[in-house]
Asks: 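For reference, the structure I am asking about is given below.
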Amino acid sequence: MNRNGPLALGFHTLVVAFMLAPLVVVCLVAFTPENTLSVPTTSFSLRWFRAVFAHPDFLQSFQNSLWLALGSASIATLTAVPAALAITRYQFRGREALNGLFLSPLIIPHLVLGVALLRMFAVIGASGSFGWLVLGHVVVVTPYVLRLVLAAMVGFDRSAEQAALSLGASPATVFRRITLPMILPGVTGGWLLAFINSFDEVTLSIFITSPATVTLPVRMYMYATESIDPLMAAVSAQMVALTAAAMVLLDRIYGLDKVLVGERT
Amino acid sequence: MSGAALPATSRSPAAARAARPWWLSAPALVLFSGMVIVPLLMTAVLSFNVFDHTTGVKAGEFTLAHYSKVFTDPYYLGIFWHTFWVSGLTTLICVLVGAPEAFVLSRMGPPWRAIFLLVVLAPLLVSVVVRAFGWSMLLGREGLVNKLLALLGIGATKLLYTDAAIVIALVHVMLPFMVIPVWTALQKLDPAVTQAALSLQASQATTLRRIILPQILPGVLSGSLLVFGLSASAFAIPGLLGGRRLKMVATVVYDEYLHELNWPLGAAIAITLLAANLLVMLSYNRLVEGAYRKRMGA
Amino acid sequence: MSFLTLTDLTKAYGDVAVVDGFNLSVEQGEFVSLLGPSGCGKTTTLQMIAGFVDVTRGSIQLGGRDITHAAPNTRGLGIVFQSYALFPHMTVWANVSFGLEMRQVPRTERQERVDAALGLVGLTALAQRYPRELSGGQRQRVALARALVIEPPVLLLDEPLSNLDAKLREDMQFELRQIQRKVGTTTVMVTHDQTEALSISDRVVVMQAGHITQVDAPFVLYENPRTRFISGFVGKANLVPTGQGGALASLRPEKLRFVPAGAGQVDGEVRERFFLGSQWLYRVSTALGELVVVCPNDGTPRLDEGTRCGVAWPAEAVRPLADGAHAA
């Protein structure tokens, strides 16, 4: 069972084409000089990219998404790292439950969480608040940070910490100078993964954004339900470019294969 | 020997040490209590509240009317059924395409295997809106797919705003979730076991069917449950590719909340979806994996 | 005058005592090895001295000070871990300097002392390298330098040579001893390798199932094993009856020699022969059972398998075995 035959490779090519088709098409159509959705054949034009920059709504939404992602990824990381410490280093009743709670947004449909937050915001008067929107994203992206930091801590040689203790370091110093630097790829990788997921998020955001805080994916969703034109394609192409850049960075810091599959390939 | 002497502290008392993990988890715990547990509980309560079309939600009054509507009204039952079979079909296609693809990938040599694994999985990191929009372009009347069909002699087919479009886009989004667990299961296979079968003169096909397949079945199963659960609760794809007529559970909830303003009914549907999802996602942990672990002795 | 005193040191998990009533006095400058099979409690004892494992009962006195319950970052001991536990994100120099930093030693003095420590272990040229760029032997030296630079009252070594390959291990054994003699630090080493324990220690503490079974200088331990287990664990031994009841005695293979049949204490036939480089090892079946005879490879004629021969030994080479008991 070693090499793939021509049938297998043909099948594989179709799958790869299938996975890349919508992304490739989006990036190509973004460069069309025409008014309608068409793949540019004779000439490439940047007119639709210029149109995006001239569209104040999209620019505002991009900023919203950017600050939202930066904020939620950072807060998620700040809360997830100590939580991961607690879960991996201590034996206590409730440890499993806590672990399950912090990973629960992975199995709670974003739709359900979205309407639940919508209701709570209405009751406490938080609707339309950017801060509460950030907190909503924080819980959604925390599992991504937590998983990576947990993995970093579990595969960690504790004897380096013991060595530091024996040399006179306080527990805080041990964490700051020894543990943190050693788990840093997991922490920064987790931050970046959280950033990407917050930036991409649409289902939860549709319910809890207000006209002032509309994020880019929500704006795109609204726009796409009404009209479909190359402007959408240009915005989409830009999002793909941003995601690709983030993936390169993630690969450098942590290893994209480890992030996606969960183990070195 | 110069330098400050080390401080003469002794161990902190046992109680303080026992509380430490709680202090460390406190920020996340507060956050999750406030942003997950409380809202879900409030929504559960809301689903029992009475709703009046003229005055809105009656917070103090309770009824089972919404749940009975959800479970008996043919409109909602139809939506559940529609969601169920779309998700089921998506899951089936993902199994038929994703498992073999994972297998093909696992048989590739070093540079290609890593490259193509990333190619197949990286779309996970692109927003679902972009991916759905890409498909709406491909499946439109003037889209590439229709152009391809024209080449094959088939006339222009309406693909957009049909179940076909929803399923195709769902498969695109869910395929990585099938490939990953099957890939992981394949990595755990001991190659010597396969070699043993071949040395005992089993054919390639028999080895695949009787040796490899049974060992990766838990991965296929867990992937299936994940894909099914995610498909059933999908929102953006049916929203963009199903149009106004093809509804799934998620888009119906959206309608109730934002158009009908019947939040309690929407809440009832959402809670039902949550319960179904938890059941599906957590069931493999108990039943299936346990049974297979027993047989494999892992 | 005892420098490090362990009194009735006990570690129990529930009802199971992993270390039970351990008593030991270590003199200043002494090199003591804790020797025993895995699970005998030697590593747990070391971890109690270091402070990473809580003591259930008993006490640990260091230079007159009771450190039994002191936090591990206050004991000031030098520790070399089995995996070396180097800080992977710091250079060799930074690793060694860490302990001095924690003691707030001023920069110039730190510089001098780290350079001196690196010189002691012969790694001055590698000061700016990272652990991942070093070989196993080099990492071990960094760990040693890091532990010694803080001039600890006691140096603890946890199987420091077990991760090295055989040839390197031999070389490092002697170097370790040299360095320890030079610096004069009281040292406690844990090992399961009896050659290691015998070659570098001043005294060897043999442990079994949480208890001390014998404490003696290496030569005395080897020549006078107390129990059957020790006679087989420390070196190889032939078990021969003493003639008093069913009691057995230990007889070291190198004490036996071949003589013409009838001229020795017993006659036998050579069953198997192994060549070990510097020695020949013979398995001889005799009336007393199978005896192992070891002869140096010094040119005397070898015996073939199947040869009938006599085996002789000096009377004082027969060491009676006592029952295993707690050592004082």
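So that the names make sense, note that chain A is the first sequence line, chain B the second, and so on, each numbered from 1.
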Asks: Using heavy-atom distances under 4.5 Å, tell me whether Val30(B) contacts chain A through its side chain, its backbone, both, or neither.
Replies: neither

Asks: When heavy-atom pairs shorter than 4.5 Å are enumerated against chain B, which of Ile206(A), Val240(A), Thr36(A) gives the highest number?
Replies: Ile206(A)

Asks: For Leu144(B), is it the side chain, the backbone, both or neither that has a heavy atom under 4.5 Å from a heavy atom of chain A?
Replies: side chain

Asks: Examine whether an atom of Arg219(A) lies under 4.5 Å from a heavy atom of chain B, and if so say whether it belongs to the side chain, the backbone or both; otherwise answer neither.
Replies: neither

Asks: Tell me, side chain or backbone of Trp23(B) under 4.5 Å from chain A's heavy atoms, or both, or neither?
Replies: neither

Asks: Chain A heavy atoms under 4.5 Å from Ser136(B): which part of the residue, side chain, backbone, both or neither?
Replies: side chain

Asks: Indicate the atoms forming the closest heavy-atom contact of Val202(A) with Ala236(B), along with that distance.
Replies: CG1-CB, 4.0 Å

Asks: Which value, rounded to the nearest 0.5 Å, describes the distance between Arg119(A) atom CZ and Leu41(B) atom CG?
Replies: 13.0 Å

Asks: May I ask you to test the His12(A)-Leu105(B) pair for a side-chain heavy-atom distance under 4.5 Å?
Replies: yes

Asks: Centre-to-centre under 6.0 Å for His172(B) and Phe18(A), is that the case here?
Replies: yes

Asks: Could you look at Thr243(A) and say if it's the side chain, the backbone, both or neither that has a heavy atom under 4.5 Å from chain B?
Replies: side chain

Asks: Select, from Leu146(A), Leu23(A), Leu111(A), Leu113(A), the one with the greatest count of heavy-atom pairs under 4.5 Å involving chain B.
Replies: Leu111(A)

Asks: Mind checking which of residues 133-143 of chain A sit less than 4.5 Å from chain B, heavy atom to heavy atom?
Replies: Leu135(A), Gly136(A), Val138(A), Val139(A), Thr142(A)

Asks: Please examine the side chains of Met42(B) and Val123(A), heavy atoms only from C-beta on, and report whether any two atoms are closer than 4.5 Å.
Replies: yes

Asks: Pick one of side chain, backbone, both or neither for Ile168(B), based on which atoms fall under 4.5 Å of a heavy atom in chain A.
Replies: both

Asks: Would you compute the distance between atom CD1 of Ile107(A) and atom CG of Leu225(B) and round it to the nearest 0.5 angstrom?
Replies: 12.0 Å

Asks: Under 4.5 Å heavy-atom distance to chain A, tell me which part of Leu29(B) shows up: side chain, backbone, both or neither.
Replies: both

Asks: Measure Ala246(A) against the heavy atoms of chain B and call it side chain, backbone, both or neither at under 4.5 Å.
Replies: neither

Asks: For chain B, find which of Ser38(A), Ala86(A), Ala21(A) contributes the most heavy-atom pairs closer than 4.5 angstrom.
Replies: Ala86(A)

Asks: So Tyr254(B) and Val115(A), do their side chains get closer than 4.5 Å, heavy atoms only?
Replies: no

Asks: Examine whether an atom of Phe102(A) lies under 4.5 Å from a heavy atom of chain B, and if so say whether it belongs to the side chain, the backbone or both; otherwise answer neither.
Replies: both

Asks: Heavy atoms only: give me the nearest Thr43(B)-Ala116(A) pair and the separation to one decimal.
Replies: OG1-CA, 3.0 Å

Asks: What are the two closest non-hydrogen atoms of Val104(B) and Phe11(A), and how far apart are they?
Replies: CG2-CD2, 4.5 Å

Asks: Below 4.5 Å, heavy-atom pairs only: which of Pro105(A), Pro82(A), Ala80(A) has the largest tally toward chain B?
Replies: Pro82(A)

Asks: Are Met232(A) and Met137(B) close enough, and set up right, to give a side chain to side chain contact (heavy atoms under 4.5 Å, CB included), and what steps lead you there?
Replies: CA-CA 11 Å; Met232(A) 260 297 278; Met137(B) 275 201 289; over 6 Å; no

Asks: Does His110(A) reach the side chain of Ser233(B), with side-chain heavy atoms less than 4.5 Å apart?
Replies: no

Asks: Using a cut-off of under 4.5 Å on heavy-atom pairs, state which of Leu125(B), Val130(B), Leu121(B), Leu138(B) scores highest against chain A.
Replies: Leu125(B)

Asks: Between Ser25(B) and Leu98(A), is any pair of side-chain heavy atoms under 4.5 Å apart?
Replies: yes

Asks: Checking Trp135(B) against chain A: side chain, backbone, both or neither under 4.5 Å from a heavy atom?
Replies: both

Asks: So which part of Leu117(A) gets closer than 4.5 Å to some heavy atom of chain B, the side chain, the backbone, both or neither?
Replies: both

Asks: Of the backbone (N, CA, C, O) and the side chain (C-beta and beyond), which part of Ile108(A) lies under 4.5 Å from a heavy atom of chain B, both, or neither?
Replies: both

Asks: Sort Leu274(B) into side chain, backbone, both or neither according to what part of it lies under 4.5 angstrom from a heavy atom of chain A.
Replies: both

Asks: Kindly give the heavy-atom pair with the smallest separation between Gly5(A) and Arg107(B), and that separation in Å.
Replies: N-NH2, 4.3 Å

Asks: Is it the backbone or the side chain of Pro181(B) that comes under 4.5 Å from a heavy atom of chain A, or both, or neither?
Replies: neither

Asks: For the residue pair Tyr221(A) and Phe133(B), is the inter-centroid distance of their aromatic rings smaller than 6.0 Å?
Replies: no

Asks: Is Leu175(B) in contact with chain A via its backbone, its side chain, both, or neither, using a 4.5 Å heavy-atom distance?
Replies: side chain

Asks: Over all heavy atoms of both residues, which pair between Asp200(A) and Ser127(B) is shortest? Give the atoms and the distance, please.
Replies: O-OG, 2.9 Å

Asks: Quick one: sort the Phe207(A) and Phe235(B) rings into parallel, tilted or perpendicular, breaks at 30° and 60°.
Replies: tilted

Asks: Step by step, work out the side chain to side chain contact (heavy atoms under 4.5 Å, CB included) result for Met108(B) and Leu9(A).
Replies: CA-CA 10 Å; Met108(B) 287 188 176; Leu9(A) 288 175; 4.2 Å; yes

Asks: How far does CG of Leu124(B) sit from CE of Met247(A), to the nearest 0.5 angstrom?
Replies: 10.0 Å

Asks: Considering only heavy atoms from C-beta outward, does the side chain of Arg89(A) approach that of Arg20(B) to under 4.5 Å?
Replies: no

Asks: Under a 4.5 Å heavy-atom cutoff, which of Leu106(A), Leu20(A), Leu118(A), Ile87(A) has the most pairs with chain B?
Replies: Leu118(A)

Asks: Between Val15(A), Leu85(A), Val39(A), Leu78(A), who has the most heavy-atom pairs with chain B when the cutoff is under 4.5 Å?
Replies: Val15(A)

Asks: Below 4.5 Å from any heavy atom of chain B, which atoms of Val29(A) appear? Answer side chain, backbone, both or neither.
Replies: side chain

Asks: With a 4.5 angstrom heavy-atom cut-off, is it the side chain or the backbone of Ala267(B) that approaches chain A, or both, or neither?
Replies: neither

